[in-house]
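The structure appears below as structure tokens.
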4 protein chains.
Amino acid sequence: MNKKEIKYGLILNAAKSVFAEMGYHKASVSKIAKKAGIGDGTVYLYFSNKEDILKKLFHNTIHDDLSPKAEELVEGINDPRLKLYEFVRNHLHYFGDDYTLSRIIQIEARQSSSEIREAMKPGIRRYFTLIEAIIEDGQKKGVFRKDISKKTARQVIFGSLDEVVTCWVLSSRTYPLSSKVDEVYRALLTAVYNFSFIENFPWTMQPKEFSTK
Amino acid sequence: MNKKEIKYGLILNAAKSVFAEMGYHKASVSKIAKKAGIGDGTVYLYFSNKEDILKKLFHNTIHDDLSPKAEELVEGINDPRLKLYEFVRNHLHYFGDDYTLSRIIQIEARQSSSEIREAMKPGIRRYFTLIEAIIEDGQKKGVFRKDISKKTARQVIFGSLDEVVTCWVLSSRTYPLSSKVDEVYRALLTAVYNFSFIENFPWTMQPKEFSTK
Amino acid sequence: MNKKEIKYGLILNAAKSVFAEMGYHKASVSKIAKKAGIGDGTVYLYFSNKEDILKKLFHNTIHDDLSPKAEELVEGINDPRLKLYEFVRNHLHYFGDDYTLSRIIQIEARQSSSEIREAMKPGIRRYFTLIEAIIEDGQKKGVFRKDISKKTARQVIFGSLDEVVTCWVLSSRTYPLSSKVDEVYRALLTAVYNFSFIENFPWTMQPKEFSTK
Amino acid sequence: MNKKEIKYGLILNAAKSVFAEMGYHKASVSKIAKKAGIGDGTVYLYFSNKEDILKKLFHNTIHDDLSPKAEELVEGINDPRLKLYEFVRNHLHYFGDDYTLSRIIQIEARQSSSEIREAMKPGIRRYFTLIEAIIEDGQKKGVFRKDISKKTARQVIFGSLDEVVTCWVLSSRTYPLSSKVDEVYRALLTAVYNFSFIENFPWTMQPKEFSTK
DNA sequence: CATGAATGAGGGTTCATTCAT
DNA sequence: TATGAATGAACCCTCATTCAT
């Protein structure tokens, strides 16, 4: 790692803690620079502007770290259910182990403008693609239901995990996030599981049919 | 409705469209006032500050409108599964029918500071309580599983719905949100359903047990 | 006293306490109106603007109350020294008995713009005229020195009294202002006294002459 | 003097003339910056806020310039009467030579809030201490009377000088302030002079005794 | 490469004053 | 005469960004 990369990471780390501490909008570039032990102007040699720092922070985390880790983890697994389990476990451990990071991804990154969120899409898309790949694999193998699209399944899985992490962050971490793994996994597995081997699914029929009225 | 309430609503509506158009942080009080056809200072006769507008907008929506509607809808229903269905249907129709509102609730309200989000909690809590009541009812009646806590079930349900709406908003509404109702319902129902009547649930065992390795 | 005058006094009294409590600039017309138990707009039926209230308050006090009282007090006295004594005594008792008023006259009235101070001149001029009349009378009678002009004598007398009152106000009134009467009188009397009956006044010669060098 | 100090003085001078011209409250930071030929924000690199400028201006003048000068002047003098003379002369020349400064100190600085005046106290206290030291020295040497406390004597001296300067400022300077030196000195000297060597002081007796009634 | 002093646009908020009722 | 809702000008201050050194 050359000098440039070192300073780059230095700024990113400083930004991480400053954003987490005081929120994105109230954090000033000057404070980040001070924390990084460099001059204000130096920040602009590595990042084009304040939003760029947040974008890079997000991308570095989701696209360049979390996603590869999750991909690697899932790659060697055959059973789609186990893939899902490992994915859930990894997600909750990843954020549960780094509160500062969680706070930024869950709270501060959402304080950014539409444009910046747009710029974050590529990062999150890689993660989404992985989720959808797990689903698709499960559907092909007949383990996961086909009456729910990849996309919807992904939204349920990611939305659930996201909400669980956000609640944990906002709860001031009164419990370890990892303790939620099994429970969340159970819910998500059955959400996408293929129950077609069971005859008569009154619970999959249209609601009206089992209406008590 | 007296004059005061009319002007109050006037400002709230103006704020709604301005927030949706340019985002909370880039929206200026002056612009809201202009859109409402009133003087800048008048805004401060009805709201204590800019944040207050967003807070009231959120509270008026979630606590005073969406929640009561959902509560009423669910009240007369006996079957927990149907309750869940109606809840999901209502949520997606509610936001699907008002893009401007959805954009604010899903995107802009998250641009606010931690403090403001804290102030929004009471509003959302009423909605959360309703979800948990549905779950609890289903658990008592033996229809919903008991190996998932109310809180986790609520996180999965709300997180999923939230993500579905957010994706719809960010997708520039290329499809009607209501078209997602059945699919999402199917996933969420099975996520919380009580399958204990079926013997041998390999899919509920610990992942390791069905590991192919 | 008719209704009009009653309300006029009502506002003036409310203003007096509000100005004293929070200072002229931080006091709002609205707060004065509330304290007076009337509508905001009503204030403008009796006063042309906020500055006018302060002006009237000052004029009512200095020109219409303090000055006449002092004039009346001095009128029946023959000895200029006694006149001075009574004047000093009256001044310090007058302000010493009403802290709220003192605070406004000494502190708040000086926070006004040059224009407003200009408008206050007529009020204070009457008081100044009285002081100068006392001096002139003393000079005519040979009791007070003539090598100091009326105007300068007045500046010394008023300036001293003013400073004494101001210090008392700023001291949070840890002592009764009236306790200062004799001391201040002694100083002011000798300041203007005619010592020409004493031969050789080394202390009135030009300083250089008694220089020790 | 380095660059920083130059710009600091630049702003202070600009503020001095702007305050004098339009008064403290009507002067805007923006106008001061423009007069100093710098950007609005630059002001805040040298002063924490608008009040701070006034405070520093006052302190720089009274505490760091006028007081040391007066102290130095008085130091080498033995005769308390001469000390007083030099003090008076210096005071009137100091302000008489700089109308802009006088206007601010005499008029604008009094437009500030109580808090800011509180912050100005340390500056003026140094000046007060010097006056009291002169008095004390005179009392010890038997030249100044002891039936008037240091504090009261100081109030008379400072109050008189202050009033003389204020009247000069408000008179639009139709006469040189320095022309007042001898007259004012004569009054102040006799105000604090020890006349006990003269027997029978009818003019120091209680007023009642020489009452004509 | 690095700096940090300088910038200046921008915005939330207050409040004296007005005027329709 | 009395009201008080409405006004909108005015202002302090912040801070992301630049650029001369």
Side-chain angles (χ1 to χ4, degrees), chain A residues 2-4 7 11 24-34 36-53, chain B residues 2-4 6-8 10-11 25-34 36-53, chain C residues 2-4 7 11 24-34 36-53, chain D residues 2-4 6-8 10-11 25-34 36-53:
Chain A
N2 57 26
K3 268 190 180 179
K4 203 155 185 175
K7 195 158 282 188
I11 298 172
Y24 175 73
H25 275 102
K26 302 211 167 164
S28 71
V29 173
S30 193
K31 192 150 280 177
I32 294 170
K34 187 165 284 172
I38 58 169
D40 290 19
T42 311
V43 172
Y44 288 84
L45 296 176
Y46 296 85
F47 299 89
S48 53
N49 52 39
K50 188 183 169 188
E51 286 198 342
D52 191 42
I53 304 175
Chain B
N2 59 27
K3 268 193 179 177
K4 206 151 187 175
I6 290 174
K7 194 156 284 186
Y8 180 88
L10 208 63
I11 298 171
H25 275 104
K26 305 223 163 159
S28 72
V29 173
S30 195
K31 194 149 280 177
I32 294 171
K34 188 163 285 171
I38 58 169
D40 290 18
T42 310
V43 172
Y44 290 85
L45 295 178
Y46 295 86
F47 301 89
S48 52
N49 51 40
K50 188 183 169 189
E51 281 197 352
D52 191 41
I53 305 175
Chain C
N2 56 27
K3 268 191 182 178
K4 203 155 184 174
K7 195 157 282 187
I11 297 171
Y24 174 73
H25 275 103
K26 301 210 169 167
S28 69
V29 173
S30 192
K31 192 151 279 176
I32 294 170
K34 187 166 284 171
I38 58 169
D40 289 18
T42 309
V43 173
Y44 288 84
L45 295 177
Y46 295 87
F47 300 90
S48 53
N49 52 39
K50 188 183 169 187
E51 286 197 343
D52 191 41
I53 305 175
Chain D
N2 57 28
K3 269 192 178 177
K4 206 151 188 176
I6 290 174
K7 193 155 283 185
Y8 180 87
L10 208 63
I11 298 171
H25 274 103
K26 304 221 165 161
S28 72
V29 173
S30 195
K31 193 150 279 176
I32 294 170
K34 189 164 283 172
I38 58 170
D40 289 18
T42 310
V43 173
Y44 290 86
L45 294 177
Y46 295 86
F47 300 90
S48 52
N49 51 41
K50 189 184 168 188
E51 282 197 352
D52 191 42
I53 304 175

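Chain identifiers are assigned alphabetically (A, B, ...) following the order of the sequence lines, protein sequences preceding nucleic acid strands; residue numbering begins at 1 within each chain.
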Got [X] and [Y] here, is their nearest side-chain heavy-atom distance under 4.5 Å?
{"X": "I38(D)", "Y": "V43(D)", "result": "yes"}
{"X": "I32(C)", "Y": "I11(C)", "result": "yes"}
{"X": "K7(A)", "Y": "T42(A)", "result": "yes"}

Roughly how far apart, to the nearest Å, are dC1(E) and dT21(F) at atom C1'?
13 Å

Which whole-number value in Å describes the distance from [X] [atom1] to [N] [atom2]?
{"X": "I32(C)", "N": "dT3(F)", "atom1": "CD1", "atom2": "C1'", "answer": "17 Å"}
{"X": "I11(C)", "N": "dA16(E)", "atom1": "CD1", "atom2": "C1'", "answer": "15 Å"}
{"X": "I6(D)", "N": "dA6(E)", "atom1": "CD1", "atom2": "C1'", "answer": "16 Å"}
{"X": "F47(C)", "N": "dA16(E)", "atom1": "CZ", "atom2": "P", "answer": "15 Å"}
{"X": "Y8(D)", "N": "dA5(E)", "atom1": "OH", "atom2": "C1'", "answer": "18 Å"}

Hey, does the side chain of Y46(A) come within less than 4.0 Å of dC1(E)'s phosphate (OP1/OP2), counting only N and O?
no

On the nucleotide dC15(F), are OP1 or OP2 found under 4.0 Å from the side-chain N or O atoms that K31(A) carries?
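No, outside the criterion.
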
Taking for each residue the nucleotide of DNA chain F bearing the nearest heavy atom, is the 5' side occupied by K4(C) or by K4(B)?
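Closer to the 5' end of DNA chain F: K4(C).
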
Closest nucleotide of DNA chain F for I38(C) versus for K7(B): which of these residues is on the 5' side?
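That would be I38(C).
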
Annotated protein contacts, base or backbone, on nucleotides 16-21 of chain F with a non-hydrogen cut-off under 4.0 Å, one of B, S, - each:
SBB---

Please report the shortest heavy-atom distance between G39(A) and A33(A), naming the atom on each side.
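Shortest heavy-atom contact: O-CB, 3.8 Å.
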
Once rounded to the nearest 0.5 Å, what's the spacing between atom CZ of F47(A) and atom CG of N49(A)?
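One gets 10.5 Å once the value is rounded to the nearest 0.5 Å.
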
Atom CG in L45(D), atom NZ in K4(D): separation rounded to 0.5 Å?
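These two atoms lie 8.0 Å from each other.
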
Do side-chain atoms of K31(B) reach the backbone of K26(B) as a donor and acceptor pair under 3.5 angstrom?
no

Is it true that a side-chain atom of K50(C) and a backbone atom of Y24(C) form a donor plus acceptor pair closer than 3.5 Å?
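Pair found, side chain donor or acceptor close to backbone of Y24(C).
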
Here DNA chain F, pairs taken as Watson-Crick or G-U under 3.5 Å and shown with ( ), [ ] when crossing and | when to another strand, reads .||||||||||||||||||||

